[in-house]
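The structure appears right after this line, and notes come after that.
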Protein chains: 2
Amino acid sequence: MLSKSCEYALKSILYITKHSQNLERVGAKNISDELDIPYHFAAKLLQILAKADIISSQKGPNGGFYLTADNLTHSLADVVFAIDGNGIFVDCILGLKTCSETRPCPLHYEFIDIKIKIAKVFEDTTLDQIKSKLLSGEFYLNNLNVSCQYERKNK
Amino acid sequence: MLSKSCEYALKSILYITKHSQNLERVGAKNISDELDIPYHFAAKLLQILAKADIISSQKGPNGGFYLTADNLTHSLADVVFAIDGNGIFVDCILGLKTCSETRPCPLHYEFIDIKIKIAKVFEDTTLDQIKSKLLSGEFYLNNLNVSCQYERKNK
DNA sequence: AAAATAAAAGACCTTTATATCTTATTGTAA
DNA sequence: TTACAATAAGATATAAAGGTCTTTTATTTT
């Protein structure tokens with residue numbers, strides 16, 4: 001559905017959103033540890049999001065990633081678009097380049113609805129909206145029991 | 001959304017369905033040419049579908065792939081499952097292994113609906129049902145103008 | 001019935017894309 | 001001026017996609 005990059009980017013930005021009280025900063029290391037994302041992979045994705053002005057960053061001691069009031073107006077669709085492009089919203093389910101209303105594949109009309117619905121979820125969800133949801137404690141961004149698996153942690 | 005393998009497998013079986021009049025046989029070469037799928041890739045996928053009893057095959061001269069009355073009762077979900085597994089129907093959009101009703105991710109409830117709808121389309125579409133749709137000539141399985149692109153053809 | 005042939009089945013290899021890791025640089029705050 | 005943390009380029013590993021070749025099986029044809 002989404003690439004691993006995009007899953008990681010969404011989880012990362014949601015984690016930052018959850019910790020975005022009065023411009024608090026979150027380090028890539030912190031995100032990587034908490035969400036079980038390879039450190040340098042997370043760092044690269046956060047760079048892309050920062051360059052696209054979807055999140056803000058600050059170098060140096062006590063630096064990290066954070067969200068301004070403006071950043072909080074972005075939707076999750078902006079994140080998906082920055083990492084994976086618009087393929088998930090528009091591509092033919094059978095991968096046909098020239099599939100369209102005038103030359104539809106046998107599943108074209110069935111999937112128009114589904115793709116619109118997927119786009120709607122991402123577009124209608126702004127970071128600001130999702131913030132309280134995250135602070136309620138009823139929703140989770142990581143797997144249960146990760147510490148019980150004897151996996152090597154990145155430095 | 002779907003892997004390339006799965007896209008190819010679906011297009012292939014739909015092509016066979018379209019040509020499944022009185023047990024007519026279609027060769028892998030034919031499928032590969034018509035749908036622009038690498039020959040040996042198509043052959044491999046057709047093998048998997050034949051082993052799973054989703055399609056039928058016949059070796060030797062005038063052999064090829066075809067559909068019995070029983071084969072025609074299969075749904076597209078059977079094809080997706082045989083090639084990609086059930087991930088598209090059940091996996092968490094953020095890739096969380098332990099995402100569930102009791103430990104939902106922030107997008108869990110939004111995507112339950114979407115995943116059910118996707119499953120419904122594939123499960124509700126049997127080959128038998130889609131056959132007349134394909135024979136109507138209003139739906140297409142390949143791209144327009146492929147012959148205009150100067151691409152190398154497989155032998 | 002035997003030989004020739006057509007087409008699927010299967011093992012294995014190469015290429016390409018995605019994901020992950022290494023190392024170095026730059027900017028900022030204390 | 002030192003330590004911290006983002007930025008950046010590039011290398012390596014892993015997985016997906018695509019390709020080559022051989023074997024098996026069944027149907028023709030002689």
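By convention in this document, chain letters (A, B, ...) are assigned in the order of the sequence lines, proteins followed by strands, and residues within each chain are numbered from 1.
Taking atom CG on A:D84 and atom C1' on C:dT18, their separation rounds to 11 Å, with Å as the unit. To the nearest angstrom, C1' of D:dT7 lies 18 Å from NZ of A:K29. As a whole-Å value, the separation of B:I31 CD1 from D:dG18 C1' is 17 Å. The separation between B:L49 atom CG and C:dG10 atom P is 13 Å, rounded to whole Å. Between B:I83 atom CD1 and D:dA16 atom P there is a gap of 13 Å when expressed in whole angstrom units. Between the CG atom of B:N62 and the P atom of D:dT27 there is a distance of 10 Å, rounded to whole Å. At whole-Å resolution of the value, NZ in A:K44 and P in C:dT23 are 16 Å apart. When the C1' atom of D:dT12 is taken as reference, atom CZ of A:F41 falls 14 Å away, rounded to whole Å.
One finds a side-chain N or O of A:S57 lying less than 4.0 angstrom from the OP1 or OP2 phosphate oxygen of D:dT7. The side chain of B:K51 contributes an N or O atom lying less than 4.0 Å from OP1 or OP2 of C:dG10. Contact annotation: B:Y8 reaches the phosphate of D:dG18 (side-chain N/O to OP1 or OP2, under 4.0 Å). The phosphate of C:dA29 has OP1 or OP2 within less than 4.0 Å of a side-chain N or O from A:Q58.
Between the side chain of B:Q47 and the base of C:dG10, at least one donor-acceptor pair of N or O atoms lies under 3.5 Å.
The residue among B:P61 and B:A43 whose nearest nucleotide of DNA chain C is located toward the 5' end is B:P61.
When each of C:dA19, D:dG19, D:dA17 is scored by its nearest atom to the side-chain atoms of B:S5, the top-ranked nucleotide is D:dA17. Out of C:dG27, D:dT7, C:dC21, the shortest distance to the side chain of A:F65 is found at D:dT7. In this structure, the nucleotide among D:dA17, C:dA8, C:dA19 sitting nearest to the side chain of B:K4 is D:dA17. With distances taken from any side-chain atom of B:A50 to the nucleotides C:dA9, C:dA8, D:dA3, the minimum falls on C:dA9.
The distance from the OG1 atom of B:T126 to the CG atom of B:D128 is 5.5 Å, given to the nearest 0.5 Å. Atoms OG and CZ, on B:S75 and B:F81 in that order, are 11.0 Å from each other to the nearest 0.5 Å.
Across all strands shown, B:A28 has heavy atoms under 4.0 Å from sugar-phosphate atoms exclusively, and none from any base.
Taking the six-membered ring for Trp, A:Y8 and A:Y15 have ring centres at least 6.0 Å apart.
Salt bridge present: B:K133 and A:E110 bring a charged side-chain N and a carboxylate O closer than 4.0 Å. Salt bridge A:D113/A:K117: absent, no basic N to carboxylate O contact under 4.0 Å.
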